[in-house]
Colleague: 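Encoded as structure tokens, here's the structure I'll be asking about.
We number each residue from 1, following the sequence as shown. This is a predicted model, so every value here is computed, not measured. First listed ligand is number 1; within each ligand, the first listed atom is number 1.
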Amino acid sequence: MKLVLWILCLLGTFLYGGSCLKVQYNRDQVLRIIPQTAKHAEHLQELTNRWLLDLWQPNIPEGINAGREVHVRIPSSHVNEMKDTLLQYDIPYSVLIDDVQQMIDMNNVYNKKMKAVSLETYDYTQYHPMDEIYDWMDQIKEKHQDLVTKLYLGSTYERRSIYYFRIGWPSEKKKKVIFIDCGIHAREWVSVAFCQWFVKELLSTHQTDAILAKVLKEVDFYIVPVFNIDGYIYTWTTERLWRKNRAPFNNGTCYGVDLNRNFDVQWCTIGASRNCSTNTFCGPSPASELETKALAGLIESIKPSIVFYLTMHSYGKMILLPYGYKDDVSKDHELMMKVATKANEKMKEKHNNEYAVGASASVIGYYDSGSSGDWATDIGITFSYTFELRDNGTYGFQLPPDQIKPTCEETTTAVMSMVEYVHDNYLENSAMAVTAVWINMFISVICLHYTVNH
Ligand code: 0X9
Ligand code: ZN
Ligand code: ZN
């Protein structure tokens with residue numbers, strides 16, 4: 001019997017692409033639970049810890065609070081027990097995703113549709129496996145040599161190369177930088193789709209868009225399309241809902257550091273775990289991971305030039321400002337709110353979608369430490385935003401491919417609004433610079449007037 005299953009599985013591998021190698025989520029459910037009281041929250045935390053449940057929102061047990069929606073994946077083996085318990089404690093819940101595996105399979109139908117052969121046919125409305133993204137990066141670099149440089153960021157734990165793009169016209173003068181990374185968390189596929197979309201947008205509109213044309217002369221975009229490459233590949237080959245990198249710990253009994261808990265900012269002090277079996281494992285020490293070191297190193301090396309640091313995640317539809325590790329807001333909070341609110345308004349015009357904007361801890365309702373967004377703020381970058389793209393939990397990490405386009409369009413609108421801010425405030429001939437010139441001329445005229453007449 002075992003042999004028969006194995007042969008069937010192997011056959012399935014050829015026909016459908018390795019489904020027997022994969023962790024299956026057959027009849028796993030994602031429940032939407034709303035604890036009404038502190039007692040409820042406590043029970044839920046206890047269950048989550050006991051069964052090491054995969055929390056989707058919030059992503060740490062301590063983040064479970066009365067009145068806040070909880071999204072959590074329950075393995076099929078525990079679904080009934082979980083529901084009984086919820087009934088028993090009188091905690092209201094509904095089923096958000098009825099069969100996680102079914103939803104994954106549904107999306108995989110699209111995924112297998114067509115392998116990209118050339119840039120012209122590259123489908124930005126699909127999710128792409130890593131080998132295709134590597135190819136895509138090479139093709140982009142080849143086609144846009146004047147504007148695009150492909151650079152080496154560093155190595156992953158499994159010795160893969162992480163690359164990033166620098167996009168902008170060569171210049172004698174020191175350029176400003178807008179820095180964007182995608183795919184810190186492996187399962188957040190739409191983030192990776194966004195970086196590709198955004199690169200395409202930059203390259204296809206820079207000649208027609210007057211603002212962008214000007215910006216690219218004085219600003220470089222640094223874009224890391226896939227940061228956590230080992231994790232991303234793992235979500236394609238083995239475990240769709242993997243979040244961390246793939247570094248082994250405790251003699252290979254557990255894997256993966258949450259790279260957004262690994263940065264050297266209040267490392268592992270709150271909202272992170274020291275247990276390598278959990279989803280928010282902060283690693284053995286600050287910036288212990290090769291990936292973290294590489295990104296932090298690059299950012300440090302160009303820090304004075306960076307105006308915006310944007311890091312793309314999903315899900316929840318949010319634009320998060322610092323901080324995650326405390327309730328205080330950053331010193332530029334008001335300005336950051338103004339810019340993000342404007343971006344959000346512009347975004348709304350696109351697909352009538354609005355994101356929640358505000359300080360991380362208050363908007364997501366849980367603390368985290370060691371995040372790249374907080375780290376960027378604390379090394380002195382003025383505008384540091386963590387984006388949580390679509391959706392609000394209906395599909396969660398399995399956002400269907402037909403939502404890639406609207407998601408990327410609206411996010412591009414938001415980011416372009418920030419680009420416009422850079423244009424208006426940081427360029428040589430920006431509004432501020434122009435005003436300065438006028439004030440100068442005015443003063444000169446008055447001075448001249450005085451010199452001549454008195
Ligand atoms: O918890 C995280 O790492 C991010 N959410 S996610 O669901 N994509 O994992 C949010 C991090 C935001 N924190 C700060 N900006 N401090
Ligand atoms: Zn994330
Ligand atoms: Zn006079």
Colleague: Quick one about Asp138 and Trp136 (side-chain donor to acceptor, distance below 3.5 Å, no hydrogens or angles considered), yes or no?
Modeller: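 The answer is no; no qualifying pair exists.
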Colleague: Identify, for atom 13 (N) of ligand 1, the protein heavy atom at the shortest distance, and state residue, atom and that distance.
Modeller: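 For this ligand atom, the closest protein heavy atom is Asp368 OD2, 2.7 Å.
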Colleague: Residue-level breakdown please: for Ser314 versus ligand 1, do any non-hydrogen atoms fall below 4.0 Å on the side chain, on the backbone, on both, or on neither?
Modeller: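 For Ser314, only backbone atoms sit under 4.0 Å from ligand 1.
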Colleague: Heavy atoms only: which of Asn59, Thr311, Leu55 lies closest to atom 7 (O) of ligand 1?
Modeller: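 Nearest option to atom 7 (O) of ligand 1, by heavy atoms: Asn59.
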Colleague: Would you say Trp56 and ligand 1 have an N/O pair spaced under 3.5 Å apart?
Modeller: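 Trp56 vs ligand 1: no N/O contact under 3.5 Å.
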Colleague: If we only consider heavy atoms of Arg243, is any one of them less than 4.0 Å away from an atom in ligand 1?
Modeller: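 Yes, Arg243 has a heavy atom closer than 4.0 Å to ligand 1.
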Colleague: Looking only at distances, can you tell me whether any N or O atom of Tyr323, backbone or side chain, sits closer than 3.5 Å to an N or O atom of ligand 1?
Modeller: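 There is no such contact.
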Colleague: Can you check which of Ala359, Ser360, Ser369, Ala376 brings a heavy atom nearest to atom 12 (C) of ligand 1?
Modeller: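 Looking at heavy atoms only, the winner is Ser360.
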Colleague: Compare all side-chain heavy atoms of Met312 with those of Val415 and state whether any distance is below 4.5 angstrom.
Modeller: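 Sidechains of Val415 and Met312: in contact.
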Colleague: Quick one: look up the protein heavy atom nearest atom 15 (N) of ligand 1 and list residue, atom name and how far away it is.
Modeller: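 Here the closest protein heavy atom is Thr386 OG1, 3.3 Å.
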Colleague: Any N/O/S atom, backbone or side chain, of Glu188 lying under 2.8 Å from the Zn ion (ligand 2)?
Modeller: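 Checking Glu188: at least one N, O or S atom is under 2.8 Å.
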Colleague: Do Gln398 and Asn107 get their side chains close enough for a donor-acceptor pair, meaning under 3.5 Å?
Modeller: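 On atom types as modelled, these side chains do not qualify, holding no pair under 3.5 Å.
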Colleague: Taking NZ, NE, NH1 and NH2 as the nitrogens, is one of them in Lys346 or Glu349 under 4.0 Å from a carboxylate oxygen of the other?
Modeller: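 Salt bridge flag = no for Glu349 with Lys346.
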Colleague: Hey, are Glu409 and Lys405 close enough for a salt bridge, meaning a charged N less than 4.0 Å from a carboxylate O?
Modeller: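 The answer is yes: the pair qualifies as a salt bridge.
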Colleague: For atom 8 (N) of ligand 1, which protein heavy atom lies nearest, and how many Å away is it?
Modeller: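 Ranking protein heavy atoms by distance from atom 8 (N) of ligand 1, first comes Glu188 OE2, 3.0 Å.
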Colleague: Would you mind telling me which of Arg243, Arg187, Lys244, Arg240 makes a salt bridge (charged side-chain N to carboxylate O under 4.0 Å, His left out) with Asp54?
Modeller: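 Between Asp54 and the candidates, salt bridge (charged side-chain N to carboxylate O under 4.0 Å, His left out) is satisfied uniquely by Arg187.
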Colleague: Using distance alone, determine whether His313 and ligand 1 share an N or O pair under 3.5 Å.
Modeller: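 Among all N and O atoms of His313, at least one is under 3.5 Å from an N or O of ligand 1.
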Colleague: For the aromatic rings, using the six-membered ring if either is Trp, is the centroid distance between Tyr315 and Phe397 under 6.0 Å?
Modeller: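 Here the rings of Phe397 and Tyr315 have centres that are less than 6.0 Å from each other.
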Colleague: By number and element, which atoms of ligand 1 are closer than 4.0 Å to a non-hydrogen atom of Ser371?
Modeller: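 In order of number, 14 (C), 16 (N).
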Colleague: For Ala361 and ligand 1, answer yes if some heavy atom of the residue is under 4.0 Å from a ligand atom, otherwise no.
Modeller: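 So Ala361 does not count as touching ligand 1.
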Colleague: Please state which protein non-hydrogen atom is closest to atom 5 (N) of ligand 1 and give its distance, to 0.1 Å?
Modeller: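 Heavy-atom neighbour on the protein nearest atom 5 (N) of ligand 1: Glu388 OE2, 2.6 Å.
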